[in-house]
Amino acid sequence: MAEQKKLVDDITSMDEDFAKWYTDVVKKAELCDYSSVRGCMILRPYGYAIWENIQKIMDGMFKATGHENVYMPMFIPESLLQKEKDHVEGFAPEVAWVTHGGNEKLTERLCVRPTSETLFCEHYSHIINSYRDLPKLYNQWCSVVRWEKTTRPFLRTSEFLWQEGHTMHATAEEAIAETEQMLNIYADFCEKYLAIPVVKGRKTKKEQFAGAEATYTIEAMMHDGKSLQSGTSHYFGDGFAHAFDITYTDKDNTLKYPHQTSWGVSTRLIGAIIMTHGDDNGLVLPPAIAPTQIVVLPIAQHKAGVAEKATEIKERLAKSFRTSIDLSDNSPGWKFAQYEMKGVPLRLEIGPKDMEQNQCVLVRRDTREKYFVSLDCLEEKVAELLAAVHDGLYNKALENRENRTYTAKNMEELKAIADGKNGFIKTMWCGEEACELQLKEEAGVSSRCMPSVQEDLGDTCVCCGKPAKHMIIWGKAY
RNA sequence: CGGGAUGUGGCUCAGUUUGGUAGAGCGCUGCGUUCGGGACGCAGAGGCCGUGGGUUCGAAUCCCGUCAUCCCGACCA
């Protein structure tokens, strides 16, 4: 490991104040800016480019599993939102309403979509008639609005970008399989592209989506030990189908209700990247989604041939990697700090001394290790180091999670862990909401999920001591 | 939505207690010297002090409202 000295004064140290560190990084790395509307942020080019890379990869994964993209309106008539009782109760407190068109008051107010189940359902009721019309595997990339009481860049904003998949299936089995498939896609994406290890599991009834029969989640642990719900996949059964009168005629000529799913991830993933991989020098981006994977920095660029050589290398690397170059007048030291702040996974230094020896210097963002590399095998070495950065980030995040994962057998143990430490606390649980509420009240933790991979930690509930039904993870969450 | 804090050049902040012509550092522009961990010199530009009222001869400063941001709770992707 390179020296731990903090090189950037503009960023508050993580250990000193993690929340402040987070907002400093978001601003200094030029990911977003605040707008004049409460809780709404401007995604700046660098931040948006990360989202575009996420979108590109994930969209490919959706299409490879048979999904099609559509676009729904952003307005939902109040009467439509109210068709499913649980759903409207869940979302009504946080929707924004349009009441006027121009100067005319609308006869029915319109909600700005907080999610689009209702719009999809209405549409599906029109286009699904026969078993031959199933399954319907739709997804949309859009923004939604939820009037949050408090907001934080990327983690919780009034408007945010996301994708929402909405699918309809002939059978419950098929819909459940879809729910699981999409959860797996999310988990794979986080681990293979974002270098973020996640725990897959099911949400408790208390935490599940308004109107869903089951909600599955991927939970990621941030550097400070808090949990971030990073993606969800819901199984709806045929509840919405009943509410919206969606029926199809099956092979046996009887009328049936289809089974439904929905699933989504949002720009919150960018928050997860920041809080999982970042350090006191700023952002650290996983190579797969970094807008710039390697930045070429000339040293003593006024000297004969240096700028030209740097440009030549940049163009050469650009054929295989997302590459940029900085030929500005800023000093090398300034540039080092700048691109570290922006989390560029690799930097390449090229100066007169290197040119004499047909080499360059590569430096990893995550460990700041330096490598002297012959220009003859540059591409291979860059590819190798980018892969090493990815693995390094993943392993470091996994190590953090393992170090902060605890097991508790009873309330005393659980409270002792939750008092002062953030992390995942694994316990057994009876399944009763009363115990969930008691843990929230007494230990300040909420249920994160019942992991898909269950462990047997005992026979009794951590809270009430009655027979346990599930292994569950508790923690503090963003 | 409760509790706390903050809004002054692009950024970080001083000035507010005790009302009297708007300040610093960084950044920005130009020229020159530099360049392997945030370089330096000289010369410049840039602010109706978040916003709306009020008090006053006079308000960045005092009073009331409002908007936004940050932190801590409750609520939520």
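Throughout, a chain's letter reflects where its sequence line sits, starting with A, and its residues are numbered from 1. Values reported hereafter were calculated over all heavy atoms of this structure, with side chains retained and with hydrogens, waters and symmetry mates removed.
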* To do: Sticking with atom C1', work out how far C49(B) lies from G7(B), rounded to a whole angstrom.
  =>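 Nearest-Å result for C49(B) against G7(B) at atom C1': 10 Å.
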* Going by the angle between their ring planes, with limits at 30° and 60°, are F236(A) and F240(A) parallel, tilted or perpendicular? -> perpendicular
* Between H87(A) and F91(A), how do the two ring planes meet: parallel, tilted or perpendicular, split at 30° and 60°? -> tilted
* To do: If a protein heavy atom is under 4.0 Å from the base, mark B; if only from the sugar-phosphate, S; if neither, -; do that for nucleotides 68-77 of chain B going 5' to 3'.
  => SSSS-BB-BB
* S331(A) has a side chain; which of A39(B), C35(B), G36(B) sits nearest to it? ->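 So the nucleotide nearest the side chain must be A39(B).
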* Aromatic centroids of H234(A) and F209(A) separated by under 6.0 Å ->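 Yes: the rings meet the under 6.0 Å criterion.
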* Considering only NZ, NE, NH1 and NH2 on the basic side and carboxylate oxygens on the acidic side, decide whether E349(A) and R347(A) come within less than 4.0 Å. => yes
* Asked: How long is the span from the NZ atom in K440(A) to the SG atom in C435(A), to the nearest 0.5 Å?
  ->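 Here the interatomic distance stands at 16.0 Å.
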* Examine the base of G36(B) for any acceptor or donor lying under 3.5 Å from a partner atom in the side chain of D354(A), and report the outcome as yes or no. => yes
* Given side chains that start at C-beta, do those of M221(A) and S227(A) come closer than 4.5 Å, heavy atoms only? -> no
* Determine whether the side chains of S13(A) and D15(A) contain a donor N or O and an acceptor N or O closer than 3.5 Å. => no
* To do: Could you give me the CA-CA distance, side-chain angles and deciding distance for K63(A) and E68(A), then say whether salt bridge (charged side-chain N to carboxylate O under 4.0 Å, His left out) is met?
  => CA-CA 6 Å; K63(A) 286 177 178 153; E68(A) 299 176 282; over 6 Å; no
Short heteroatom pairs, N/O only, protein and nucleotides 7-10 of chain B, under 3.5 Å:
none

